[in-house]
Amino acid sequence: KIKKKMQKINNNLISEIKENNTLQYRITSFHNIMDLLGNNNTSLYDLKYKTPGSVYDGDFGLMKIYENISCLLGLKKVDQENISIVSVPQSWMASSKAIHLIEYKKPIYMENIISIPIELYNNESNLISV
């Protein structure tokens with residue numbers, strides 16, 4: 001059975017190795033979140049319009065590159081009625097390649113990002129609004 005399905009086993013192993021690298025990038029770059037929120041060379045992307053095949057359900061993403069690792073903090077909008085964008089962190093992605101969610105998208109111009117406003121901090125659920 002192994003001889004007949006050797007290519008499938010090899011593909012599964014390669015896939016697991018890629019996933020482990022992604023996990024390693026996420027772990028080693030996680031400490032950069034506060035710097036990313038500081039708005040120094042951070043790009044904001046509108047991710048509401050889905051990339052074909054993507055299962056990502058966030059609305060926006062903040063992206064910055066650290067030592068050749070592309071980092072993207074996914075944000076989910078929580079208040080549809082408000083004029084200002086109030087969103088919560090949803091996911092952290094890191095990759096040595098371009099992150100497919102922002103390929104072929106232009107960043108949104110932004111003057112600044114208000115990060116972690118105290119009045120929007122929710123003590124009970126430990127959510128931080130950005």
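Side chains are part of it too, since the values below use all heavy atoms of this structure and drop only hydrogens, waters and symmetry mates. Residues take their numbers from the sequence shown, with the count starting at 1. Here the structure is a predicted model, which is why all the values come from computation and not from measurement.
Of the inter-residue distances, the one linking Ile69 atom CD1 with Ser95 atom OG reads 9.0 Å to the nearest 0.5 angstrom. How far NZ of Lys64 is from OG1 of Thr42: 4.5 Å, rounded to the nearest 0.5 Å. Note: Tyr45 OH to Leu101 CG = 11.5 Å, rounded to the nearest 0.5 Å.
Of all the heavy atoms in Leu36 and Cys71, the pair that sits closest is CD1-O, 4.0 Å. Taking every heavy atom of both residues into account, Ile99 and Ser70 meet most closely at CD1-O, 3.5 Å.
Scored by the side-chain hydrogen bond (donor to acceptor under 3.5 Å, both in side chains) test, Ser29 finds Trp92 as partners (sequence neighbours excluded). Evaluation of the side-chain hydrogen bond (donor to acceptor under 3.5 Å, both in side chains) rule for Asp57 yields Gln90 as partners, not counting sequence neighbours. Listed by chain and residue number, Tyr56, Met93 satisfy the side-chain contact (heavy atoms from CB on, under 4.5 Å) test with Ser91 (two or more places apart in sequence, or in another chain). By the side-chain contact (heavy atoms from CB on, under 4.5 Å) test, Ile27 is found to be paired with Leu23, residues two or more places apart in sequence or in another chain being considered. Evaluation of the side-chain contact (heavy atoms from CB on, under 4.5 Å) rule for Lys48 yields Asp46, Asp59, Phe60 as partners, not counting sequence neighbours.
For the side chain to side chain contact (heavy atoms under 4.5 Å, CB included) test with Thr28, the passing option among His31, Gln24, Arg26 is Gln24; the others fail.
Leu73 is listed as a side-chain neighbour of Leu37, based on a closest heavy-atom distance under 4.5 Å. Taking the side chain as every heavy atom from C-beta outward, Leu62 and Leu75 approach each other to under 4.5 Å. Between Ile102 and Leu47 the shortest side-chain heavy-atom distance falls below 4.5 Å.
Residues Phe30 and Tyr25 are members of separate hydrophobic clusters, defined by side-chain heavy-atom contacts under 4.5 angstrom among Ile, Leu, Val, Met, Phe, Trp and Tyr. Cluster membership for Leu44 and Tyr66, using ILVMFWY side-chain heavy atoms within less than 4.5 angstrom, is shared.
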